[in-house]
Amino acid sequence: MAKLHIISNRLPFKVSEDESEFSLIESVGGLATGLSSVYKQLGGNWIGWAGISSENYNESQLEKIDYLLKKENCLSVHLTSHEIDYYYEGFSNNTIWPLFHYFAQYAEFNYEKWQVFKDVNQKFADAALEILEDGDTIWVNDYHLLLVPEMIKSKMPNVAIGFFLHIPFPSYEVFRLLPWRNELINGILGADLIGFHTFDYERHFISCVRRLIGYEINLNQIITDQRIILVDAFPMGIDYQKFADLSNNLNNQQGSEKSDFLLELERFSEIDPERKLVLSIDRLDYTKGIPNRLRAFSRFLEKYPEMIGKISLLFLAVPSRDQVSHYQLLKREVDELVGAINGLYGGINYTPIWYFYRSMPFNNLVELYFKSDIALVTPVRDGMNLVAKEYIASRANQDGVIILSEMAGVAKEMGEAIIINPNNEEEIADAIFTAANMPIEEQKTRISQLQKRLKRYDLFKWTSEFLKSIEKVKLLQQDFYAKKITAQLEDEIKKQFTNAAHSVLFLDYDGTLSSFKNNPSMAYPDEELKELVFGLTQTPNTTIVIISGRDKETLGDWFSNFKVNIIAEHGVWIREIGGDWEMPVFASKTWMDSIRPLLESFVDNTPGTFIEEKNFSLVWHFRKAEPEQGEGRALALKEELLNLIGNQNIEIMEGNKVIEVKNGGINKGFAANRFLLAHPADFIMAIGDDWTDEFMFKELPQTAITIKVGVKRTNANFKLESVASVRAFLRNLIS
Ligand code: GDG
């Protein structure tokens, strides 16, 4: 039975050691909670690192740990402290983390660490490959494992791979700084489904794929030579009910049932019921915008002195990556700020900031959410931010106010929050004042709206939506594979070809026999292709027709030494073996002078584009333009051309990164059928890659074998993946 497996850097368990006895402690993080139930239900494994340095344990201790984990369906990837240093602390947290959060100045580009990152990703992939079977699904998580999808896909193409990134995906201008940007993009593209928290991250990723790799993009589908990949936004939810239930319990607790921590928090408001508590919870990370939050709180007390003594900030900073210098500096800055603010505004009975530098037990965390009047969430950059959602879920009485940075992914879903720019301390100070004075009815309206949504789209919904989308992409891909030429089909075609009395093969050139080049004149036949075409022309009872949109001079020159027929410019010209160029149907040139200036104006304002002038058509090429700009300008050009052409017999054809304007009624289908009238055949085959070839696929006799190159929708009967597979297929046909 097909299984679902999970891979993430950390396993959902921590290893605890007590006098050489090992035990496991379950993690309570969002991912662990959300996925633990599904992977077990679906009979899979969770592959990850158990959080220990392997050299600190001997073989038998590691075996014991592995045994305990295995009982929980977990497979551990053992890492040495060197690997942890270079792969985890190094490349993951000192290169990708800062860069993807737009802290480019903090990102180090260290070749050795990149090498170890690759090696460790391979370790994770190998661990997965050992247990994966065809038909299984695997869900790869986060920025530590960006290379794993491709490492798995290249070895096991029949495993469905989902990849989810929990942090932002930066814009191309930032991503391009990475020396290993193409490797990382290709690594992710091993997945069939790629998920982000927000649409912005999705479009940044797609833009990087377009610019760096050049794959064709159709809305949120990436079309590679082999597959369709789906990219989508899945804003991660929380285990809403867990927070809601706990806070409802707190609401109903009587005196002695309350924890000491809760009683302490209550004492704060007993002094003065009008006193407000503002909550701030984060890992101490430079992305979380902690210094600006503290400065804004200070500015608030300065600007609204009447609030001094009436409001305190409960500031929980959870230690994180404290061996890294940027984090140590941040800690010092925060310590100093807290000291300065408390020194300036504090009194005998008043502490402006209560500062906790530690992690708290989960129950206390919910008590904090439950008791705080205002949540202050001001990251300068954050993939999602679950603290914001947890605060809302813990408001048992629907009161409270959340102040939220527009730079957190979560802001996209929480329009009812007070949204601020984290760099605008004045705005944050005013937002705290507004929040502290917000009427209770307004608080309830906002919070209850938010609660409804977060309850509906919770962690489990997030998980199921992601898994459903993996099924969806599988269906999309099946559409392609349904027409793919299998080995068996290839044998049958070969048999028909061998038994035929006479065969005609129509072969498109660019994208079919030869790969696209940035400069079309560089796509001349290479040695391998020459050998193949020569072989085809030597095959008895076989007529070869090169049928292309290219001009007759280029094709004539490239194939001058071959016994092939050539149909050029989509059918305007034909040259039979040993003959001269002929124009079977009259084509006019008079329209070209009126169209050329328009194309020239598009060349002038779209860098990288150029005009190719053929004998009877004009072509605007935009392969070398900035991809998004090129696509946009192509749309505009088509519209202006349609206006200009009016009812003249001129056609606009959209090829692969080209727009071609030509005489109407002349196309490859028409030309191929005309050729067949003079050269009847009992085996007809046509191979092509773009939509100008669709005319052949549609108009050739029903018995013809028509083959599309690539994964797009087509009228052809069959598909081949790439130029390489076309060449292999033809070689086999005549072998
Ligand atoms: C990354 C992305 C994205 C915090 N303090 C304590 C504690 N926590 C828990 C919170 C919350 C989690 O840690 C923090 O999650 P965030 O989402 O706020 O931030 P990151 O750790 O940076 O997470 C982020 C997330 O991945 C998911 O995709 O949202 O953008 O950066 O759940 O409750 N838990 C306990 N004690 C604490 O003191 N027990």
Side-chain angles (χ1 to χ4, degrees), residues 8-10 12 14 25-35 92-93 96-103 139-145 163-170 195-198 200-201 233-240 242-243 246-247 261 279-290 293 314-321 327 354-370 372 375-394 402 404-414 422 454 457-459 462-463 466:
S8 62
N9 173 52
R10 289 299 296 265
K14 278 190 204 122
I25 304 169
E26 208 163 342
S27 304
V28 289
L31 198 63
T33 315
L35 299 181
S92 300
N93 287 338
I96 301 180
W97 177 270
L99 196 71
F100 281 34
H101 286 88
Y102 295 80
F103 279 78
W139 182 345
V140 185
N141 280 279
D142 228 357
Y143 63 101
H144 318 88
L145 304 178
F163 175 80
F164 189 85
L165 186 72
H166 291 262
I167 64 173
F169 196 93
F196 299 96
H197 282 305
T198 73
D200 281 334
Y201 311 154
F234 304 88
M236 186 173 173
I238 55 163
D239 185 353
Y240 184 92
K242 185 164 92 180
F243 289 89
L246 257 171
S247 56
F261 186 69
L279 178 65
S280 154
I281 297 183
D282 304 281
R283 279 186 304 103
L284 191 61
D285 194 291
Y286 49 79
T287 62
K288 301 289 182 183
I290 294 168
R293 186 178 316 165
L314 196 148
F315 169 43
L316 171 60
V318 180
S320 178
R321 305 172 196 170
Y327 289 77
W354 294 350
Y355 177 25
F356 299 79
Y357 179 61
R358 70 188 85 138
S359 171
M360 285 212 180
F362 180 71
N363 280 358
N364 293 155
L365 191 80
V366 180
E367 285 164 348
L368 280 177
Y369 288 141
F370 173 71
S372 301
L376 190 53
V377 184
T378 63
V380 281
R381 202 59 73 164
D382 211 337
M384 171 52 69
N385 193 294
L386 299 179
V387 166
K389 292 188 170 181
E390 292 167 1
Y391 174 72
I392 300 297
S394 310
I402 180 159
L404 191 55
S405 161
E406 65 178 71
M407 308 299 172
V410 70
K412 298 269 181 292
E413 295 171 74
M414 292 181 53
L454 296 184
Y457 197 96
D458 69 356
L459 180 61
W462 173 75
T463 312
F466 189 81

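One-based numbering, in listed order, for ligands and for the atoms of each. Note that the structure is a prediction, hence the values are computed from the model and not measured.
Between F356 and F315, the distance from one ring center to the other does not fall under 6.0 angstrom. The aromatic ring centroids of F103 and Y286 lie less than 6.0 Å from each other. Checked against the 6.0 Å centroid criterion, the rings of F362 and F243 qualify as a close aromatic pair.
A heavy-atom separation below 4.0 Å is not found between Y143 and ligand 1. Note on ligand 1: Y369 sits in its first shell, one or more heavy atoms being nearer than 4.0 Å.
Near S359, meaning under 4.0 Å from any of its heavy atoms, are these atoms of ligand 1: 36 (N), 37 (C), 38 (O). Within ligand 1, the atoms closer than 4.0 Å to a non-hydrogen atom of W97 are 31 (O), numbered from 1 in the order shown. Set against the non-hydrogen atoms of V387, the atoms of ligand 1 under 4.0 Å away are 18 (O). Within ligand 1, the atoms closer than 4.0 Å to a non-hydrogen atom of I281 are 4 (C), 5 (N), numbered from 1 in the order shown.
Contact annotation: for M236 versus ligand 1, heavy atoms closer than 4.0 Å belong to the side chain alone. Here L316 has side-chain heavy atoms under 4.0 Å from ligand 1, and that is the only part of it that gets that close. Using a 4.0 Å cut-off between heavy atoms, L386 contacts ligand 1 through both its backbone and its side chain. Residue contacts with ligand 1, taken as heavy atom pairs separated by less than 4.0 Å, involve V318 solely via side-chain atoms from C-beta onward. Counting heavy atoms under 4.0 Å from ligand 1, residue V410 does not touch it at all. Contacts of Y391 with ligand 1, taken as heavy-atom pairs under 4.0 Å, are absent altogether. Heavy atoms of K389 found under 4.0 angstrom from ligand 1: none, in either backbone or side chain.
Of the candidates M360, H166, H101, H166 brings a heavy atom nearest to atom 1 (C) of ligand 1. Between atom 19 (O) of ligand 1 and the options M384, K288, E390, R358, the minimum heavy-atom separation is to K288.
Between the side chain of R293 and the backbone N or O of K288, at least one donor-acceptor pair lies under 3.5 Å. For T378 (side chain) and G289 (main-chain N/O), a donor-acceptor pair under 3.5 Å exists by modelled atom type. Between the side chain of Y369 and the main chain of E390, no donor-acceptor pair closer than 3.5 Å is present.
Judged by distance alone, the side chains of Y102 and R381 never bring a donor and an acceptor atom under 3.5 Å apart. A donor-acceptor contact closer than 3.5 angstrom links the side chains of T287 and D285. Using a 3.5 Å distance cut-off with no hydrogens or angles, the side chains of S27 and R10 do not pair a donor with an acceptor.
The shortest non-hydrogen separation linking A411 to S405 is CB-O, 3.4 Å.
Of the polar atoms of G383, at least one N or O is found under 3.5 Å from an N or O of ligand 1, judged by distance alone.
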